[in-house]
Peer 1: 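Once you've had a glance at the structure underneath, I'll fire off some questions.
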Amino acid sequence: MKILITGFEPFGGEKINPSFEAVKKLPNNIDNAQIIKTSIPTVFRKSIEVLEQLIVKEQPDIVICVGQAAGRYEITVERVAINIDDANIPDNEGNNPKDKVIFEDGENAYFSNLPIKKMVEEIKNCNIPASISNSAGTFVCNHLMYGLLYLINKKYKNMKGGFIHVPYLPQQVINKKNIPSMSLDNIVTALTCAIKSIIRETNV
């Protein structure tokens, strides 16, 4: 089994992005599954293009995209992506779409086909707070998740995919009052536990 897992480059004035910092630290093999790790540009449209190039190159069985969710205190496994871009800040190339459809021939929404409840349960069993989220936002995270699920729906029907949001790292909130964070080690552990759950459920 081959699993492609992606994190984002820093954006919004941050020097680091916990999603890719955690992805980089994942082992290359988890429960006999090969783990392919990479970063994705925090840019509308380009993020989906880069992801599809990786899918074509690697032919993964499972794709997990990971992103930063400022203000969330737990690991959140996303249920659904919606067909809209509505940015409140520019992306890393200055794009700032408002109420723009991502794909004209796409559904209004696509649901993750990962075992999201089992993933949350497994992360909690690893003593890390987690929950299902029903909103991936309307910035590049939702954009990429929608693009992934659109590609699965249109081209890669045997592939499974979804999205996980992670909190800020502690060093990102030193000057941000009352904003939660999570240690990098805990985020790495949570992602590892989620991947193990996916592998187990996929092999049933």
Side-chain angles (χ1 to χ4, degrees), residues 3-12 14 17-20 23 38-55 60 62-120 123 130-168 180 190-191 194 197-198:
I3 299 174
L4 172 64
I5 183 161
T6 73
F8 279 109
E9 61 190 16
F11 69 96
E14 298 291 334
N17 190 314
S19 64
F20 188 52
V23 165
T38 190
S39 67
I40 296 285
T42 309
V43 179
F44 289 102
R45 197 58 57 188
K46 183 183 287 187
S47 55
I48 298 174
E49 292 169 356
V50 170
L51 181 64
E52 184 166 19
Q53 289 167 8
L54 289 163
I55 290 170
I62 295 162
V63 179
I64 306 164
C65 299
V66 185
Q68 166 190 293
R72 296 188 189 180
Y73 70 92
E74 58 189 355
I75 304 293
T76 44
V77 180
E78 297 295 342
R79 187 194 302 267
V80 61
I82 58 173
N83 193 8
I84 201 77
D85 290 333
D86 192 22
N88 57 3
I89 61 170
D91 69 12
N92 283 356
E93 291 188 356
N95 303 298
N96 196 10
K98 303 291 184 183
D99 298 324
K100 298 289 187 184
V101 169
I102 301 171
F103 285 108
E104 292 288 350
D105 64 337
E107 300 293 335
N108 288 335
Y110 289 114
F111 290 89
S112 170
N113 61 359
L114 296 178
I116 61 173
K117 289 188 176 179
K118 293 289 187 181
M119 292 163 65
V120 167
I123 295 168
S131 69
I132 290 170
S133 165
N134 293 310
S135 175
T138 54
F139 194 55
V140 184
C141 287
N142 173 80
H143 181 87
L144 183 63
M145 181 183 178
Y146 185 90
L148 168 61
L149 299 178
Y150 171 91
L151 290 171
I152 289 173
N153 182 265
K154 299 290 186 183
K155 298 182 181 180
Y156 307 102
K157 294 187 181 292
N158 293 325
M159 196 168 71
K160 295 187 180 298
F163 197 100
I164 300 173
H165 264 122
V166 301
Y168 275 143
L191 294 179
S197 172
I198 295 167

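Basis for what follows: all heavy atoms, side chains included, without hydrogens, waters or symmetry-related copies.
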Peer 1: Could you list the residues that satisfy side chain to side chain contact (heavy atoms under 4.5 Å, CB included) with Asn158, not counting sequence neighbours?
Peer 2: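 By the side chain to side chain contact (heavy atoms under 4.5 Å, CB included) rule, Asn158 matches no residue at all.
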Peer 1: Distance check, rounded to the nearest 0.5 Å: Leu144 atom CG versus Ile48 atom CD1?
Peer 2: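 Spacing of CG (Leu144) from CD1 (Ile48) equals 6.5 Å.
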Peer 1: Can Ser131 and Glu74 be counted as having a side-chain donor-acceptor contact under 3.5 angstrom?
Peer 2: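 There is such a pair between these side chains.
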Peer 1: Keeping His143 on the side-chain end and Arg45 on the backbone end, is there a donor-acceptor pair under 3.5 Å?
Peer 2: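 Pair found, side chain donor or acceptor close to backbone of Arg45.
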Peer 1: Do the non-hydrogen side-chain atoms of Ile55 and Tyr156 ever get within less than 4.5 Å of each other?
Peer 2: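 In short, these two side chains touch, coming nearer than 4.5 Å.
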Peer 1: To the nearest 0.5 Å, how far apart are CG in Leu191 and CD1 in Ile5?
Peer 2: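 It comes to 5.0 Å.
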Peer 1: Let me check something: any side-chain donor-acceptor pairs from residues 63-72 under 3.5 Å, sequence neighbours excluded? List them with distances.
Peer 2:
from	atom 1	to	atom 2	distance (Å)
Gln68	OE1	Gln172	NE2	3.2
Arg72	NH1	Thr76	OG1	2.8
Arg72	NH1	Glu78	OE2	2.8
Arg72	NH1	Ser133	OG	3.4
Arg72	NH2	Ser135	O	2.9

Peer 1: Considering non-hydrogen atoms only, spot the tightest contact between Pro167 and Ile75 and give its length.
Peer 2: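 Reported closest heavy-atom pair: CD-CD1, 4.0 Å.
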Peer 1: Less than 4.5 Å apart, side chain to side chain, heavy atoms only: is that true for Asn142 and Ile102?
Peer 2: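 Sidechains of Ile102 and Asn142: in contact.
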Peer 1: To the nearest 0.5 Å, tell me how far Leu149 CG sits from Ile82 CD1.
Peer 2: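 Spacing of CG (Leu149) from CD1 (Ile82) equals 12.5 Å.
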Peer 1: At what distance, to the nearest 0.5 angstrom, does CG of Asn95 lie from CD1 of Ile89?
Peer 2: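 Taking CG in Asn95 and CD1 in Ile89, the distance rounds to 12.0 Å.
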Peer 1: Got a sec, which pairs hit salt bridge (charged side-chain N to carboxylate O under 4.0 Å, His left out) with one end in residues 82-98, sequence neighbours left out?
Peer 2: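 Residue pairs passing salt bridge (charged side-chain N to carboxylate O under 4.0 Å, His left out), neighbours aside: Lys46-Glu93.
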Peer 1: Do you know which two heavy atoms are closest between Phe103 and Gly147, and how far apart they sit?
Peer 2: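 Closest approach of Phe103 to Gly147: CE1-CA, 4.2 Å.
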Peer 1: Any side-chain donor-acceptor pair under 3.5 Å between Glu9 and Asn92?
Peer 2: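 Present: a donor and an acceptor within the cut-off.
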Peer 1: Under the salt bridge (Lys or Arg N to Asp or Glu O under 4.0 Å) rule, collect the residues that match up with Lys155, sequence neighbours excluded.
Peer 2: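 Applying salt bridge (Lys or Arg N to Asp or Glu O under 4.0 Å) to Lys155 gives Glu52.
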Peer 1: Near Asn108 CG, under 6.0 Å, is it more than 12 heavy atoms from other residues, nucleotides or ligands?
Peer 2: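 For Asn108, atom CG is not crowded (no more than 12 foreign heavy atoms under 6.0 Å).
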Peer 1: Quick one: does any side-chain atom of Arg79 pair with a main-chain N or O of Ala136 as donor and acceptor, under 3.5 Å?
Peer 2: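 Not confirmed, Arg79 side chain does not pair with Ala136 backbone.
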Peer 1: Look at the side chain of Thr42 and the backbone N and O of Phe8, then say whether any donor-acceptor pair between them is shorter than 3.5 Å.
Peer 2: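 Pair absent, no side-chain N/O of Thr42 close to backbone of Phe8.
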Peer 1: How about Tyr146 and Tyr110: are their ring centres within less than 6.0 Å of each other?
Peer 2: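 Yes: the rings meet the under 6.0 Å criterion.
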Peer 1: List the residues meeting salt bridge (Lys or Arg N to Asp or Glu O under 4.0 Å) with Glu49, not counting sequence neighbours, and say none if there are none.
Peer 2: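 In terms of salt bridge (Lys or Arg N to Asp or Glu O under 4.0 Å), with neighbours along the sequence ignored, Glu49 is linked to no residue.
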Peer 1: In Å, rounded to the nearest 0.5 Å, how long is the span from NZ of Lys160 to CG of Leu114?
Peer 2: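 Going from NZ on Lys160 over to CG on Leu114, the span is 7.5 Å.
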Peer 1: Can you give me the closest heavy-atom contact between Ala130 and Ile123, atom names plus distance?
Peer 2: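 Looking at all heavy atoms of both residues, the closest pair is CB-CG2, 3.6 Å.
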Peer 1: How would you list, by chain and number, every residue that makes a ring pair (Phe, Tyr, Trp, His ring centres under 6.0 Å) with Phe139, sequence neighbours excluded?
Peer 2: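 Expected list: Phe11, Phe44.
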Peer 1: Can you name the nearest heavy-atom pair linking Gly162 to Ser112, along with the distance?
Peer 2: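 Between these two residues, the closest heavy atoms are CA-OG, 3.7 Å.
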Peer 1: Rounded to the nearest 0.5 Å, what separation is found between the CE atom of Met119 and the CD1 atom of Ile198?
Peer 2: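 The distance works out to 4.0 Å.
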Peer 1: Would you name the heavy atoms of Val77 and Val120 that are closest together and state the gap between them?
Peer 2: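 Taking Val77 first and Val120 second, the nearest heavy atoms are CG2-CG2, 3.8 Å.
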Peer 1: Any donor and acceptor pair, going by atom type alone, linking the side chain of Ser47 with main-chain N or O of Ile40 inside 3.5 Å?
Peer 2: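 Between the backbone of Ile40 and the side chain of Ser47 there is no qualifying donor-acceptor contact (under 3.5 Å).
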